[in-house]
Amino acid sequence: MSGLFLFSKTMETIKHLQENVEITLPENGLEEKLAHTQRQNRKLIIKLGFDPTAPDLHLGHAVVLKKIKQFQELEHKIVIVVGSFTAQIGDPTGKNKSRKPLNAAEVQHNAQTYINQLSKVIDVSQAQIVFNSNWLDQLPFSAIIQLLSKVTVAQLLQRNDFNKRLKENTPIAIHELVYPILQGFDSVQINCDIEMGGTDQLFNCAMGRHLMEAHDLSPQIVMCMPLLKGLDGKEKMSKSLNNTIGLTDTPNDMFGKTMSIPDDLILEFLELTTDFSSTQKKEFKSCLEKGENPMNLKKVIAKNIITQYHSAEEAEQAESFFKNQFQSQRFEDKSFVSVNISSLQTEGETLSLLQLCHQLRGKVTKSEIRRLIESGAVRINNIKTTDPYLLLFPTNHTKIQIGKRDCYELV
RNA sequence: GGGGGUGUACCAGAGUGGCCAAAUGGGGCAGACUGUAAAUCUGCUGACGUACGUCUUCGGUGGUUCGAAUCCAUCCGCCCCCA
């Protein structure tokens, strides 16, 4: 009786852990690993690797992290591998131009910011953090050759990315080919049970399996989470595509960005970025099918996201800010950033609209500002003004709106 | 080692002596319409200058020329073929 109960409990756990996972390699691997480690009376060791190159985490990363968190809640052990070695070589993925290699201090610094951000989702204090330069730096060339001998060119060319580039005659540097092998070698060093990543990591993770077997270790399970699409609804969320919601974005930004996703993306966001229960998710879905305005579900999602990374209170505030700033037609509802008149550089008493906007916006060229004004993006006290050279006497309570977002009030 | 090709703005891709700050498409920005959605329409998309204009830009450098993305020399990157 109790055996049956335990069994169904285990099945439930597995189902929960498999939720939203796009690829598991091998398919029933998780079940077997769990049974295996239970027999050994130990917890799973789960590897999560990252390169400390661009230290800004976004909701796309969080998809994997949230899954890691589920494992952590069951007290499995997380090992975070900082690719300190690989980062110093440079990131080989895609067509990124040769990134300048990072020095040790930069790697350290990036790793730290990364880890700080990880702690927004997972419990870093319960995770083990290791740097792969610890072992890769030590590797004598003979050992490297030996490692390389375990992988064939044909195996490497199976990777879509390489295959495609080969066909298209775009260059592939040798170190790029070696990269997956190094990543796989990390798994050998850690002897992990599972490696976790986005589906774009499938090949590299599979390489880990291969190399572990070649080193007489039990190969890791590979679990790949789907890649979250970015705000454009087309490409994957990625900092270089400038379509991300960052984990450290302000509540207002998170809200606005979420509202701007295309409707097609709502279900994906509901599934991958929120922490609603699956029952709640189903309810929301059926509301949508019944003809609920998608906008409302977006608001729910936005608030849920903000609650996760900030607080419920700030989520509410962000919503009312959004309503006033963007949904309300009334100029007075918008919130204006106060700008001290004395901080403005004037020519005598006056300055042109161009100069004023340039000073308010900052870090933008004057040509850009001129275009904005001429294209009708600027309002003074709610009056659209398209003459960049309109002379202004800056006076108290003058309100300037530039584009949809930026509103200023002179004080 | 030999032969051929190629390198243009965020990306793709025209341009092969002046009319080129460089066609076209994508992307991006702004406006109209909206739900900061989609679709659609319009404008903009090197910098500085209120026009006329000036300056920087077509892999790097140096030349020819009144004038060069365009011609020449040289160097660099990449690709292909042969060895």
Side-chain angles (χ1 to χ4, degrees), chain A residues 92 94-98 162 164-174 176 229-236 238-245 249-270 287-288 291-303 305-306 318-331 333-335 347 350-358 360-361 363-380 382-392 400-407:
Chain A
K95 40 190 162 180
N96 290 341
K97 288 176 188 153
S98 58
F162 289 148
K164 199 173 141 205
R165 283 161 70 189
L166 196 66
K167 278 181 188 153
E168 288 173 359
N169 293 333
T170 45
I172 304 170
I174 299 291
E176 299 186 62
K229 287 210 182 79
L231 301 178
D232 51 63
K234 290 169 196 153
E235 309 281 346
K236 69 171 181 181
S238 135
K239 197 174 180 221
S240 56
L241 295 171
N242 197 23
N243 63 1
T244 65
I245 298 179
D249 279 356
T250 63
N252 287 346
D253 278 348
M254 282 185 169
F255 202 100
K257 286 181 178 181
T258 307
M259 292 310 287
S260 78
I261 62 169
D263 286 0
D264 294 346
L265 218 56
I266 291 178
L267 290 183
E268 187 173 325
F269 264 58
L270 177 68
C287 278
L288 201 59
E292 173 78 41
N293 185 344
M295 179 187 64
N296 293 326
L297 184 49
K298 278 204 241 180
K299 284 184 177 171
V300 171
I301 293 172
K303 279 196 279 185
I305 291 171
I306 297 167
E319 182 178 25
S320 63
F321 174 82
F322 180 82
K323 279 181 183 157
N324 287 330
Q325 193 76 354
F326 302 112
Q327 295 198 301
S328 168
Q329 299 297 323
R330 300 196 316 162
F331 192 68
D333 285 344
K334 306 198 185 301
S335 67
E347 288 170 26
T350 62
L351 77 174
S352 67
L353 182 59
L354 177 68
Q355 287 171 310
L356 178 62
C357 292
H358 184 61
L360 292 174
R361 258 282 171 95
K363 63 170 182 178
V364 193
T365 63
K366 282 189 185 163
S367 303
E368 257 174 280
I369 295 289
R370 180 195 322 251
R371 277 180 229 125
L372 274 175
I373 297 173
E374 284 172 351
S375 64
V378 173
R379 285 170 178 271
I380 304 171
N382 204 17
I383 296 163
K384 188 183 279 191
T385 312
T386 53
D387 175 13
Y389 300 103
L390 183 72
L391 274 187
L392 301 169
I400 316 279
Q401 179 177 6
I402 308 173
K404 282 178 203 154
R405 293 179 194 77
D406 294 343
C407 298

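Computation of the quantities below employed the complete heavy-atom set of this structure, encompassing side-chain atoms and omitting hydrogens, waters and symmetry-equivalent molecules. Order of the sequence lines sets the chain letters (A, B, ...), proteins ahead of strands, with each chain counted from 1.
Atom CD1 in A:Ile174 sits about 15 Å away from atom C1' in B:C78, given to the nearest Å. Rounded to whole angstrom, the span from the CD1 atom of A:Ile245 across to the C1' atom of B:U36 amounts to 13 Å. To the nearest angstrom, C1' of B:C78 lies 13 Å from CD1 of A:Ile172. Rounded to whole Å, atom P of B:A47 lies 11 Å from atom CD1 of A:Ile369. Atom CG in A:Asn324 sits roughly 12 Å away from atom P in B:U36 (whole-Å rounding). Distance CE (A:Met254) to C1' (B:U36): 17 Å, rounded to an integer number of Å.
In this structure, A:Lys234 and A:Pro262 have side chains that are not in contact, with every pair of non-hydrogen atoms separated by 4.5 Å or more. In this structure, A:Leu390 and A:Ile373 have side chains that are not in contact, with every pair of non-hydrogen atoms separated by 4.5 Å or more.
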The test is side chain to side chain contact (heavy atoms under 4.5 Å, CB included); show your working for A:Leu354 and A:Tyr389 and say whether it passes.
CA-CA 6 Å; A:Leu354 177 68; A:Tyr389 300 103; 4.0 Å; yes
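Of all nucleotides present, only B:C48 satisfies the Watson-Crick or G-U wobble test against B:G53, with each distance under 3.5 Å. Pairing partner, B:G62: B:C72, with both Watson-Crick or wobble hydrogen-bond distances short of 3.5 Å. The nucleotide B:C29 finds its pairing partner in B:G43, both defining distances of the Watson-Crick or G-U wobble pair being shorter than 3.5 Å. Using N1 to N3 plus N6-O4 or O6-N4 for Watson-Crick, or N1-O2 and O6-N3 for G-U wobble, each under 3.5 Å, B:G1 pairs with B:C82. In this structure, B:C20 forms no base pair with any nucleotide, since neither Watson-Crick nor G-U wobble geometry is met with both distances under 3.5 Å.
Listed by first and then second residue, the salt bridge (Lys or Arg N to Asp or Glu O under 4.0 Å) pairs that reach into residues 292-301 of chain A are A:Asp263-A:Lys298, sequence neighbours excluded.
Legend: residues meeting side chain to side chain donor-acceptor pair (under 3.5 Å) with A:Ser238, ordered by chain and number and at least two apart, are A:Ser240. A:Lys303 pairs by the side chain to side chain donor-acceptor pair (under 3.5 Å) definition with A:Glu319, not counting sequence neighbours.
Atom-to-atom distance recorded for A:Ile306:CD1 and A:Asp253:CG is 9.5 Å, nearest 0.5 angstrom.
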Detail all sub-3.5 Å separations between protein N/O atoms and N/O atoms belonging to nucleotides 48-52 of chain B.
{"residue": "B:C48", "atom": "OP1", "partner": "A:Lys366", "partner atom": "N", "Å": "3.0"}
{"residue": "B:C48", "atom": "OP2", "partner": "A:Lys366", "partner atom": "N", "Å": "3.4"}
{"residue": "B:C48", "atom": "OP2", "partner": "A:Ser367", "partner atom": "N", "Å": "2.7"}
{"residue": "B:C48", "atom": "OP2", "partner": "A:Ser367", "partner atom": "OG", "Å": "2.3"}
{"residue": "B:G49", "atom": "OP1", "partner": "A:Lys366", "partner atom": "NZ", "Å": "2.9"}
{"residue": "B:G49", "atom": "N7", "partner": "A:Arg370", "partner atom": "NH2", "Å": "3.0"}
{"residue": "B:U50", "atom": "O4'", "partner": "A:Tyr389", "partner atom": "OH", "Å": "3.4"}

Between the protein and nucleotides 29-35 of chain B, are there any N/O to N/O pairs under 3.5 Å, and if so, what are the atom names and distances?
{"residue": "B:A30", "atom": "O2'", "partner": "A:Ser375", "partner atom": "O", "Å": "3.3"}
{"residue": "B:A30", "atom": "O2'", "partner": "A:Ser375", "partner atom": "OG", "Å": "2.9"}
{"residue": "B:G31", "atom": "O4'", "partner": "A:Ser375", "partner atom": "O", "Å": "3.4"}
{"residue": "B:G35", "atom": "O6", "partner": "A:Asp263", "partner atom": "OD2", "Å": "3.4"}
{"residue": "B:G35", "atom": "N1", "partner": "A:Asp263", "partner atom": "OD1", "Å": "3.3"}
{"residue": "B:G35", "atom": "N1", "partner": "A:Asp263", "partner atom": "OD2", "Å": "2.8"}
{"residue": "B:G35", "atom": "N2", "partner": "A:Asp263", "partner atom": "OD1", "Å": "2.6"}
{"residue": "B:G35", "atom": "N2", "partner": "A:Lys298", "partner atom": "NZ", "Å": "3.1"}

Can you give me the N/O atom pairs linking the protein to nucleotides 24-26 of chain B at distances under 3.5 Å, or say none if there are none?
none

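Classified by interplanar angle (parallel below 30°, tilted 30° to 60°, perpendicular above 60°), the ring pair A:Phe255/A:Phe322 is tilted.
Straight-line distance between the C1' atoms of B:U56 and B:A9: roughly 13 Å, to the nearest whole Å. The separation of B:G49 from B:G17, taken at their C1' atoms, amounts to 30 Å, rounded to a whole angstrom.
When each of A:Glu235, A:Glu268, A:Lys236 is tested with A:Lys229 by the rule side-chain contact (heavy atoms from CB on, under 4.5 Å), just one qualifies, namely A:Glu268.
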